[in-house]
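What follows is a set of notes on a single structure, which appears directly below.
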There are 2 protein chains.
Amino acid sequence: MDAVRKDIYNSEIPDFCRDCGARLGGVCGALTPEQLTEFSRQTSRKVVQPGGELHGQGEPVHSYANILKGVVKLTKIMPDGRQQIVGLQFAPDFIGRPFSIESEFSAEAATNIEVCALPKAALEQFVNNISNFGHRLHKQALNELDDARDWMLTLGRKTAREKVATLLHLIATHIAPDKSEVLHFELPLTRQDIGDFLGLTIETVSRQMTKLRQEKVIHVENNRTITVHDFGRLADIAGIDG
Amino acid sequence: MDAVRKDIYNSEIPDFCRDCGARLGGVCGALTPEQLTEFSRQTSRKVVQPGGELHGQGEPVHSYANILKGVVKLTKIMPDGRQQIVGLQFAPDFIGRPFSIESEFSAEAATNIEVCALPKAALEQFVNNISNFGHRLHKQALNELDDARDWMLTLGRKTAREKVATLLHLIATHIAPDKSEVLHFELPLTRQDIGDFLGLTIETVSRQMTKLRQEKVIHVENNRTITVHDFGRLADIAGIDG
DNA sequence: CGATGTCTTGAAGCAGTTCAACCAGGGTGG
DNA sequence: CCACCCTGGTTGAACTGCTTCAAGACATCG
């Protein structure tokens with residue numbers, strides 16, 4: 001780490017960050033190369049398997065993380081076991097409630113994920129010393145708030161059919177490789193996860209997926225690989241736009 | 001405004017703010033007396049009738065406001081008229097999406113309200129010049145996010161009975177005068193509003209209220225005045241805690 | 001005192017749940 | 001290599017909680 005390699009194009013950026021997909025987005029986009037170096041010294045890359053917990057509901061938050069790859073689900077669970085996913089996060093989102101208090105939900109890997117974790121103390125140091133850093137976190141919170149409110153409309157007022165279409169639309173816009181009319185992607189969620197996100201049972205989710213398949217709105221392979229034939233049609237069914 | 005009256009107890013606080021219930025909470029709590037004076041110079045008090053809009057869905061945000069009194073509902077509406085309340089705000093909450101872009105929902109007075117409105121330019125000035133100000137806004141956003149996610153669980157996984165109890169619990173904790181076991185308050189929402197908040201029809205809301213009344217969990221006068229006899233029982237029915 | 005808006009109550013219908021059986025893929029071990 | 005199971009998904013049939021539609025009660029206000 002002392003002998004920093006340099007090249008013409010990325011002269012000051014630390015090795016550690018050079019190949020990172022999240023470098024320009026999320027909180028890291030706020031950092032100068034020197035700050036990035038300092039940042040990278042305090043963080044550690046972690047790989048987490050599906051189902052692995054980043055933090056549990058009711059636990060104090062002691063660590064934060066930047067998602068580099070994969071999907072993280074935020075879930076709430078009631079004492080009797082009923083479960084609700086209250087947020088999905090994709091690269092380069094930031095995980096963890098700043099100004100701690102204990103977490104009101106658990107954060108769990110939905111797919112294989114790769115994160116850049118940093119301890120609470122480091123986060124606080126960055127917030128205090130880097131002017132843009134707090135601002136970036138604020139913006140992320142506002143985005144999550146907008147997403148949460150969109151989803152409240154989905155949960156409260158949409159039919160099962162619209163809900164499933166809305167979910168597919170959401171996933172597609174976040175992880176599909178291109179923005180053409182025909183989209184192709186891997187579902188990062190199980191049917192159970194989808195049910196828990198939409199406030200439905202797995203059976204209802206399955207039935208609605210089957211219907212969309214029969215109507216040729218989507219094509220499904222191996223239960224997880226989805227092709228959307230007509231993105232506009234999907235948005236229409238989801239009740240998005242006017 | 002030039003001849004500032006002073007008294008022994010509130011020497012530097014502007015007249016304008018002296019009787020304000022929100023002075024110590026919300027964003028104003030971050031301000032020194034001098035800043036408060038500057039702040040008060042840029043703001044104007046407004047009274048809004050129930051149904052009055054602070055800003056509409058899809059409009060650019062050009063004004064912000066601090067709630068001094070009353071309740072504001074944030075609502076989303078679909079092209080076909082289906083409606084969902086995505087947030088309730090009480091004094092001393094702050095209204096308006098910082099870093100504008102257009103608003104994704106409308107903010108509307110649910111009761112008679114009194115607000116302290118300030119233009120976008122003034123907000124930006126405060127964010128840039130007062131170090132705590134942005135931090136307060138950030139905290140407010142995080143609180144709203146926690147609230148939104150709590151509500152997602154309510155919308156997605158609770159029964160009609162639990163939903164109604166959850167709403168009563170929410171209102172009670174926000175506007176009830178004291179924290180004793182027996183609570184007494186005015187409902188700031190119509191049955192339609194309650195339905196739009198809970199993702200239910202007004203008929204279902206009414207039926208569940210009747211049931212809670214018959215079970216002596218609550219007492220209702222004039223459809224709007226509620227007495228909660230046993231707060232713990234209400235929380236229990238709402239599925240809150242363990 | 002009728003008129004209007006808000007809330008309640010009842011009865012019928014239906015979207016989504018529940019319960020149960022079945023199916024496909026992917027180990028594992030005899 | 002097949003028998004076995006185990007997990008995740010689908011499909012069917014019966015049920016039910018909420019909605020829908022319709023009528024009535026209550027309060028407020030010209």
Side-chain angles (χ1 to χ4, degrees), chain A residues 49-51 73 78 80-85 108 110-112 154-168 186-215 218-226 237 239, chain B residues 49-51 73 78 80-84 110-112 154-168 186-215 218-226 237 239:
Chain A
Q49 307 281 325
K73 54 182 183 175
M78 292 174 68
D80 62 6
R82 280 176 286 176
Q83 205 163 349
Q84 175 69 43
I85 295 184
E108 191 177 307
T111 62
N112 275 304
T154 300
L155 287 172
R157 289 302 186 198
K158 291 191 185 176
T159 64
R161 176 182 171 81
E162 291 170 325
K163 283 180 175 180
V164 170
T166 303
L167 176 91
L168 292 173
E186 284 281 301
L187 258 189
L189 303 176
T190 65
R191 295 290 184 275
Q192 184 62 61
D193 285 337
I194 297 174
D196 287 344
F197 198 20
L198 295 169
L200 298 172
T201 59
I202 51 175
E203 292 93 333
T204 301
V205 171
S206 180
R207 278 184 252 271
Q208 296 300 333
M209 296 273 283
T210 308
K211 258 192 174 176
L212 291 175
R213 214 176 50 221
Q214 287 166 348
E215 295 169 16
I218 57 173
H219 181 250
V220 183
E221 255 172 305
N222 304 329
N223 292 331
R224 288 291 196 115
T225 310
I226 307 281
I237 295 172
Chain B
Q49 307 281 325
K73 55 183 183 175
M78 292 174 70
D80 63 5
R82 279 177 286 176
Q83 204 164 348
Q84 175 70 41
T111 61
N112 275 304
T154 299
L155 287 172
R157 288 302 185 198
K158 291 190 184 176
T159 64
R161 175 182 172 80
E162 291 169 325
K163 283 180 176 181
V164 170
T166 304
L167 177 92
L168 292 173
E186 283 282 300
L187 258 190
L189 302 176
T190 65
R191 295 289 184 277
Q192 184 61 61
D193 285 338
I194 296 174
D196 287 344
F197 198 20
L198 295 169
L200 299 171
T201 60
I202 50 174
E203 293 94 331
T204 301
V205 171
S206 180
R207 279 185 251 270
Q208 296 300 332
M209 295 274 281
T210 307
K211 256 192 175 176
L212 291 176
R213 216 176 49 221
Q214 286 166 348
E215 296 169 14
I218 57 172
H219 180 249
V220 183
E221 257 172 304
N222 304 330
N223 291 332
R224 288 291 198 116
T225 310
I226 307 280
I237 296 171

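Between the NZ atom of A:K211 and the P atom of C:dG16 there is a distance of 9 Å, rounded to whole Å. What separates CD1 of A:I194 from P of C:dG16 is a distance of 16 Å, to the nearest Å. Whole-Å rounding puts the A:Q214 CD to D:dT11 C1' distance at 11 Å. When rounded to the nearest whole Å, the span between CD1 of A:I226 and P of D:dG9 equals 11 Å. Rounded to whole Å, the distance from NZ on B:K163 to P on D:dG17 is 14 Å. Here the C1' atom of nucleotide D:dA22 and the CD1 atom of B:I202 are 13 Å apart, to the nearest Å. Between A:D193 atom CG and D:dG8 atom C1' there is a gap of 12 Å when expressed in whole angstrom units.
Closest approach of A:I194 and A:L167 over heavy atoms only: CG2-CD2, 3.5 Å. Between B:D193 and B:K73, the closest heavy-atom pair is OD1-NZ, 2.7 Å.
Judged by distance alone, the side chain of B:R157 and the main-chain N or O of A:L200 form a donor-acceptor pair under 3.5 Å. Checking side-chain atoms of A:Q84 against main-chain N and O of A:F197 turns up a donor-acceptor pair under 3.5 Å.
In this structure, the side chains of A:H219 and A:I226 stay at 4.5 Å or more apart for every pair of heavy atoms.
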### Message
Please encode protein proximity along nucleotides 24-30 of chain D as a string of B, S and -, counting only heavy-atom distances under 4.0 Å.
### Response
-------
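Residues satisfying the salt bridge (Lys or Arg N to Asp or Glu O under 4.0 Å) criterion with A:E162, sequence neighbours excluded, are B:R82.
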Could you go over nucleotides 18-20 of chain D and give all protein N or O partners under 3.5 Å, atom names and distances?
| unit_1 | atom_1 | unit_2 | atom_2 | d |
| --- | --- | --- | --- | --- |
| D:dC18 | OP1 | B:A160 | N | 2.9 |
| D:dT19 | OP2 | B:T201 | N | 3.4 |
| D:dT19 | OP2 | B:T201 | OG1 | 3.2 |
| D:dT19 | OP2 | B:T204 | OG1 | 2.4 |
| D:dT20 | O4 | B:R207 | NH2 | 2.8 |

